[in-house]
Each structure stands twice: as C-alpha cells, then as structure tokens.
Amino acid sequence: MTDTHTGQAPVHALLADGTTIRIRRSSPGDRAAVLRLYEEMSDENLRLRFFSISRASARQAAERVAGPPRPGYRAMVAESAGRLVGLAEYEAEPHGTTADVALAVADDWHHRGVATLLLEHLADAARTAGVTAFTADALAENLDVLRVFHDLGLRVRRQYDGPEVHCLVELTEDEAYLSAVDTRGRLADVVSLRPLLRPGSVVVIGAGRKPGSVGRAILRNILTGSFAGRVFAVHPVASAIAGVHAYRSVAALPQVPDLAVVAVPAAAVPQVAEECGKAGIRALLVVSAGLDAHQSGMLMDACRRHGMRLVGPNCLGLANTEEAVGLDATFTARHPGPGTAGVAVQSGGVGIALLDGMARLGIGVSSFVSLGDKYDVSGNDLLQWWEGDGHTTLALLHLESFGNPRAFSRTARRVARTMPVLTVDAGRSEAGRRAAASHTAAAATPTMTRRALFTQAGITATRTIGELLDTAALLHSQPLPTGTRVAVVSNAGGAGVLAADACADAGLTVAALPAGLADELLALLPRGAIATNPVDATAAVGEEQLRACVERLARHGAVDSVLVALVPTAVASATGEDLVRALTDAPEPLPRPIVVVLPAQAARVELLDTCAEGTVPAYSDAQDAANALAHAAARSRWLSEPPGEVMELKDTNSLEARRIVAGFLEENPEGAWLGPRTTAELLGCYGIGQIEWAWARDADEAVAAAERLAGPDGRVVMKAYWPGLLHKSEQHALHLDLQNAAQVRAAHRDLVTRFGDRLTGVVVQPLAERGTELFAGVVQDEVFGPLVVFGLGGTATELLADHAGRLAPLTDRDVRELITSPRCSPLLFGYAGTPSVDLDGLEQLLHRLSRMACDLPQLAEADLNPVLAGPHGVTALDVRIRLLPRQAHDPYLRRLR
C-alpha cells in the first residue's frame, strides 16, 4: 500500500466548544513540538498512551512523527495559536488495507473534540490511500479513547484481552457516519456563532464623527434599537460618538466585547482584525468594501489564527430581533421588524427588499445576515443556526455562489424537513455558460446544476424576489396542500377563467368537480351560478353564501386548495356585502389552503387577518397566487416522499477503476479522452453494459470483426476513431447498415480517404435493434461535484434539450425523478400501445454512473449517447469518457471555508 494523499493543505475546523484549530499533515520540523506535547503530559495520561510512563516511548514517538515520508504512514497534528495540541497517526503494513492508529491530546485540551476531529481527517486521508480499517490497542480503563472510537459513527468491533482492548474501526463512510459528523459539525457551528448572533456586548470600530458615515449609521441603529447589552466605540481622536464614550483602540476597551463591527477603510481592516483577535474578541462583522487580495488574505489569516467568526466583508450588517437580543447592526433605514423568518443574502439591495417585504406582510424576521463577500459565515451556517434557535419557522436565502454545495445540500435537506427553505434562483442566464466539449457538458448548464441542488435539497426556488414573497406569504399563513387539484371560485366568470388559466400554466389541475359536490354548491349559491370548475358564484353572491361555498370546497376531498378571485361590483356595494370578509370571518381555520385574488388590490401580496387568529394571503394577480400554490404543492410532495437511499451495488470494483485511472493519467498527465479499450475496461468495473464491439486497424480486421459480430440480419456499423473525436454524426465519421464484406471494405476505404493520418482505427459493432434512444452522462463540476444528466438521446439531443440532472450520489428517489423529469419520459413507460422499456436496467445504469462519478473525481465527463432502451435491456451504443488530474475531496469533511 502506498500513500497517495500528499497534497492536502492545512485546514481550520471548529471544536465542540466553537474554538478554531488548525489541522495539517506533520513535517520533520514538528519533532520538538511533538516531544513537548508528550513531556507536558501527566504521568497518568502518558501511561494510558504508551502503557507505561517511560519517557523513552515519547522520544521514539516524536522521532517517528518527524521522520521522512514513508509508504503506509501518515500523521496529522492540531494547532492552536502556534501550539501543537493534538496528534493522530496511522501506520500500515506494505500492501495492507488496515492500519494501526494512535492518538495524543494535550492535557488541557481534553474533552473538546480534538481527537475526534483529527480522526475524521486522518480517516479521510486513509481512505484515499486504500486503508479500509483502523486498528488500535487501548487499556480497558482508558474510557476517553474508547468513547472517541465509539462516538465516531463508524462501525467498531472490540475484543478484550485482559487489561487491554483491541479495537477494529471500519472506515466505510456510510449514512450513520455522515449523520454523526453532521451532528458534531452543527453543534460546533452553532456555538461558534453565538458571539456573532447573540452577543452580550458590541464595539463599533470606524463610527465617524459625521452623521453620514456607515459606521455611524450602524452605531445609531444599535443604540435606537432594543439591544440590552453594552455598546462601545473605538475612534483614534474623538472622545465620544453619538453619546457613546469612544476609546482610542481596541486594547483600551474596559472589557472584551463579543462582537466587533468594523467599518474602517479597506487598507485598515487587516490591522483592526489583528487587534480584535489579540484582545480576545470572538466575532467580526466587516461592512468595509474594496479589500484587495492581499488585504483579504490578511483578514482571513487573523480570523483563523485568533478563532474569530466573520461576516462580510462588503455587507449590509446583521440583526437579531429575539427579545433577549434586540440587535440591529445594519445600516438600513428602518429597524427590521421582529418575526419568525430567518433571512440571509449576499446582496445588500436584495436584503433591504426582503426586509421591507417581510415587514409589510407582518411576518418579520428572527435574524438577518447580509453575507456580502462571504469569506467565512455562509448560508450553510445560518441554516444550522435557524434549525435550533427556537424562533425561526421560515428560511429565506439569496445566494449568488456556493462554497460547498454538497455540504449545503445535505444541511438544507435536513432543515427543509422542519421548515420551508426558500431562495431566489439568481444567475439562471446562459450568459456565463462555458463552451462544451461533449453532449453531456452541453446539457449541464448552470441552470440545470443549481436546479438539481435545490430540487434534491427540498429548497423552494423562485425566479424573483416578488415570487419569493408571494410564496413565503402562503407558506407562513396556510396549511400545505396535499396535491395539485385546485378549485377556482369567483364572483365574475371572466376572472374565474383567467384564474383557471393561471393555475394550468403553473402546473396545477383545475378538474371538473364531482356531480354530488357540484349539486351541493348550487344549493348554496344564487340562481344562475355554475358549479363546474371554475365555480362562477355570480355577482349576486352574498357573504354567507360565498363563505359556505368556500368552506364546503375546503373540507371536501375532491380538491387540495381553493383559489377565490373577487372583483368589486355595484351589486356588492349596493347591498353592503363585503365578500373579502366572508373569507376572513371564518370561526376556525380550514383544513386546506385558501388564497384570494383581488385585482383591485394595490399591493402585490398582503396577509389579511382572520377571526381565527390567522391570516389569508391576498394577491393582485392570479398568476402570482397560482405560482405560490404550485410551490406549496411541490413542497408537500417533497415532504410526503421518503428521503431516499443510495443503492448498494454489487459487482463493482472501485480499486481496479482507480488503478485504471491512475495508469492512464500517468501516461497522460494533462488528461485526455479515453480510447475504446480503456473506456470498456472502466465501464466494466461498474457493470455498465455496452453493445459488443471490436477494434480494427485495417480493412481485413474490419471484415473479420464484421463476420464475427454481425447479427441474424448480417448488418454492422463502422465508426471512425482518433483521440479527440466526439461527434461522429456531425463529421460523418460512421457508416450504418453495412451488409457484407464488400460494403465493409468500401466503408473503411471511405474513412481512410477522408480522414487520412488522423484515423487510428475503427470500431465495428452489430447493428442495434430498435428501441428508444436515450442519453446519460456525467459532468464533474469543480464546485458542485458530479452531476448525472439524463434525457432524450440521438443526434438531436442538444437541439431538443430534453434533459434533467441530479447531483451525485444519487438516491433511489433521485433516480426515479431523473427518469420521469424529461418530456420524453412517457416513451419509457409505454406510449400508444408500445411496451415499456427495461426500467430496472435504466435505474441500474444511472446508479452505476453515479457510483463511478463519486469514486473517481478525475472523471471530468462521461457521455453515453445513444443509450438504447427496450423491453429486454438497456445498452450503451457509444461512450466517451474524459479524465483530468484531480485530487479526491471529501465535501463532508469538517473544515471552515
């Protein structure tokens, strides 16, 4: 066994108490620090580590850690403020797959999660190096280290031998392990955010003496808000600012504040951050903009060395409206209204729009964070905070970028089970679309990738801020619909028809009502009413009649929601009837969502108070109401289905696949497209079937291959090949329906004549039977990871653009959605009397592509087009695979950005 995980850079991560430590690979220069770690260890802890109190064992351990790199050995250290506080190491026998592991933590750093965090990182390095299990010997009385192994979340087997315990820790990264890592990460993250979001004291650095400065505006908002903690100001000259005593420097403050708001010029930010760190401040809010790369690096270095969490730079600020906090550290014109929505944005302008919108709706915010350039604290951090803050019931996000999309998706998937998570899908345009090298890359647009992330995570993605507020109003005020069936009720036939059209455009169903229900409604409504769907209650409808009609629909199982479109009429004015009141005076909440469309309403959406101490959303446009209902129905459907599981696949050989990839990249260090033979070998490692084929260097070999491969009808296909050839049809580099040796020779002669020295050989295949031509592929995105793409295949795959995508690893739920999402999906389930295709085989293909993509980060693109699907099987007719030299990267490994 050799250790190939050599390029790992140092990372910072959070301990259980929110402290930041640095984790890195050991080096020969660590000898003195490791020796000091053991020398400062108590005799008792030294005995538990080495089974004796001999200092000679400590010296030997220091020499081993500081020695030159060698196969099968890895040591990682944890540092805080330049001090080495923890060590984890493993050593494996040559060509072995298990390794002995050892741990050591400084006496004053016990019970803070140092050993667990080191083990997580060491296990990640070991997996990459081919190690499948750790072994460890411990004294039975060493309960701390035994608990560390037990609580990791990995499968552990113990064997007792007198006073010693032999532990075997399997390193398989399964769901139980990832959930344990999630829990540890979430708890540490929340603790680290407390000084930021629930500070007991705040200092504003850079509050100018002039009222117009940003720092002065933030200080004013803190003072005029309801913050109950102490507030300080730092200014090099002024003695007081806005009535607050100003100190000359951070070091001169009478106590260490929890949070520092930094509003100084960009050039001064790094020095201020360093002063804050030295003083012991735990959180920074940097609103300053315009930092260059050097200044940004110095800012982050100060935050990491001193363990400070950072919001910003270049942001609007943050607020927490909880009664016990009451902090408004923003420079908005009005204080954010208290409420239950958590809001995180990258754009300050979007933040102001959302704050105003939530205040107007009366929902308010629990906490608001303008992330700005998002150097540290991200949307992922805020989701974890809102998950457990006890105040937030609705999460709103505006994210222009993702630092770790797969970790974000995993967090969002968990949080979305407990509260709606909404986002504005920014950056959908194709303006930034990169040039594509294959059908797969052409299909995998940024829009598809982001949509896959949101869909799989259960995030409600809207196109505009207005649509987000529309949906938030509905989700905040009404129960979720159990389906897409909508009953439309109006007091004007034309308004009802427009509302029904809007529902259909949004993907909702406006089906005819059952005859019995229609008769009941007609008995309730004025003469002349129509009770199909939409229901025309006529202009003569009164309050009680409308209320009874809506209540009957909302309690009937034939519909999932009710949309009521009301226009002002002279009839209602003359009789003094208030039809809107008919919907707000209900004595108790209804079991299904009710939305109102009021074309005469000035605001796009409002929440109308009801007698049942609730609210009903009212929209000025039926399309807005319908879109909100569609989002609510999609959320209901997502919640109703099980989360899905990643399938355990048999007959796969990941180790052999990695060997093939390593060998190819050794010969092609810059990466390249695989040849037919290597492609077939790699597909074989994952049980992905191809149609039979043969390689031919000349016409004689082509004829022999044709005779061997021809089916009952004697027909074959010949495809030209040279490295880099992608779209054979476009270059007329293939011949179909070759029926005899003469035609095979003629086809070969044509390819040689047209392509000359570029041609390195041809591929001969039997002519495939009839079936549905599909497309499947993988693109490895640098940020989002592997995306599996599926849809209609053949030569027109890019023209028709009938594709869907999901981020790997795919669960069984993801695969089902992937198969049913393209417009061509009815063809797969039997259409117009044709038999359905082999759906099990199709699901297996997508699962195996997902597994291959997750195993091999070097897999830049895989393009299977066409994939022939029929009742009796699924076969890839043409496959192209491109590899690039890339390091493995575990997206779930705990580390700060």
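FYI, the numbering just counts along the sequence from 1. Because the structure is predicted, anything quoted here is derived from the model rather than measured.
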**OP:** Please report the shortest heavy-atom distance between Gly215 and Val204, naming the atom on each side.
**Re:** O-CG1, 3.8 Å
**OP:** May I ask you to test the Ile459-Phe408 pair for a side-chain heavy-atom distance under 4.5 Å?
**Re:** yes
**OP:** Report the distance from atom SG of Cys276 to atom CD1 of Ile281, rounding to the nearest 0.5 Å.
**Re:** 4.0 Å
Original post:
So which heavy atom on Gly458 is nearest to which on Ala416, and how close?
Top reply: O-CB, 3.8 Å
Original post:
How far does NE2 of His391 sit from OG1 of Thr321, to the nearest 0.5 angstrom?
Top reply: 8.5 Å
Original post:
Hey, does the Lys NZ or Arg CZ of Arg194 hover above the aromatic six-ring of Trp385, less than 6.0 Å from the centre and inside 45° of the axis?
Top reply: no
**OP:** Starting at OG of Ser213, measure out to CD1 of Ile241 and round the result to the nearest 0.5 Å.
**Re:** 8.0 Å
Subject >> Sole candidate of Arg309, Lys374, Arg897 that passes salt bridge (Lys or Arg N to Asp or Glu O under 4.0 Å) when paired with Asp381 >> reply: Arg309
Original post:
Are Asp328 and Thr330 close enough that a side-chain donor and a side-chain acceptor fall under 3.5 Å?
Top reply: yes
**OP:** Decide yes or no for Ile352 and Leu316: does some side-chain heavy atom of the first lie under 4.5 Å from some side-chain heavy atom of the second?
**Re:** yes
Original post:
Given the rule in the side-chain contact (heavy atoms from CB on, under 4.5 Å) test, do Val287 and Asn314 qualify, once you have shown the distances and angles that lead to the verdict?
Top reply: CA-CA 5 Å; Val287 298; Asn314 186 25; over 6 Å; no
Subject >> Flag side-chain contact, heavy atom, 4.5 Å: Leu259 against Pro195 >> reply: no
**OP:** Could you tell me the separation between the CE atom of Met308 and the OG atom of Ser192, rounded to the nearest 0.5 Å?
**Re:** 13.0 Å
Original post:
Between the side chains of Asn380 and Thr411, does any donor sit under 3.5 Å from an acceptor?
Top reply: yes
**OP:** Indicate yes or no: does Arg305 engage Glu274 in a salt bridge with an N to O separation below 4.0 Å.
**Re:** yes
Subject >> Step-by-step side-chain contact (heavy atoms from CB on, under 4.5 Å) determination, Leu469 to Ile465 >> reply: CA-CA 6 Å; Leu469 291 171; Ile465 295 174; 4.2 Å; yes
Original post:
Do Ser201 and Val231 touch side chain to side chain, with heavy atoms closer than 4.5 Å?
Top reply: no
Subject >> Trace of the side-chain contact (heavy atoms from CB on, under 4.5 Å) decision for Trp638 with Arg413 >> reply: CA-CA 10 Å; Trp638 185 84; Arg413 202 176 302 212; 3.9 Å; yes
Original post:
Which pair of non-hydrogen atoms, one from Ala341 and one from Thr392, has the smallest distance, and what is that distance?
Top reply: C-CG2, 4.3 Å
**OP:** Measure the CE-NE2 distance between Met419 and His476 for me, rounded to the nearest 0.5 Å.
**Re:** 13.5 Å
Original post:
How would you list, by chain and number, every residue that makes a side-chain hydrogen bond (donor to acceptor under 3.5 Å, both in side chains) with Arg22, sequence neighbours excluded?
Top reply: Glu79
Original post:
Looking at Glu817 and Arg813, does any basic side-chain N land under 4.0 Å from a carboxylate oxygen?
Top reply: yes
Original post:
Should Phe402 and Arg450 count as side-chain neighbours, where that means a heavy-atom distance under 4.5 Å?
Top reply: yes
Original post:
Is the closest side-chain donor-acceptor distance between His398 and Ser347 under 3.5 Å?
Top reply: no
**OP:** Kindly give the heavy-atom pair with the smallest separation between Met300 and Leu310, and that separation in Å.
**Re:** SD-CD2, 3.7 Å
Subject >> Salt-bridge contact Asp182-Arg410 (side-chain N to carboxylate O under 4.0 Å) >> reply: yes
**OP:** Would you check, one step at a time, whether the test side-chain contact (heavy atoms from CB on, under 4.5 Å) holds for Val269 with Met298?
**Re:** CA-CA 9 Å; Val269 168; Met298 293 178 67; over 6 Å; no
**OP:** Report yes if the side chains of Leu807 and Thr449 come closer than 4.5 Å at any heavy-atom pair, otherwise no.
**Re:** yes
**OP:** Show your working on salt bridge (charged side-chain N to carboxylate O under 4.0 Å, His left out) between Asp389 and Arg198 and close with a plain yes or no.
**Re:** CA-CA 10 Å; Asp389 70 354; Arg198 286 179 180 158; 5.3 Å; no
Original post:
Are the charged groups of Asp376 and Arg304 less than 4.0 angstrom apart, N to O?
Top reply: yes
Subject >> Note, Leu371 side chain near Val377 side chain (heavy atom, < 4.5 Å) >> reply: yes
**OP:** Give a yes or no on whether a salt bridge exists between Arg451 and Asp425, defined as a side-chain N under 4.0 angstrom from a carboxylate O.
**Re:** no
Original post:
With no hydrogens and no angle check, do the side chains of Glu467 and Asn627 hold a donor and an acceptor under 3.5 Å apart?
Top reply: no
**OP:** Check the side chains of Ser366 and Trp386 for a donor-acceptor pair under 3.5 angstrom, ignoring hydrogens and angles.
**Re:** no
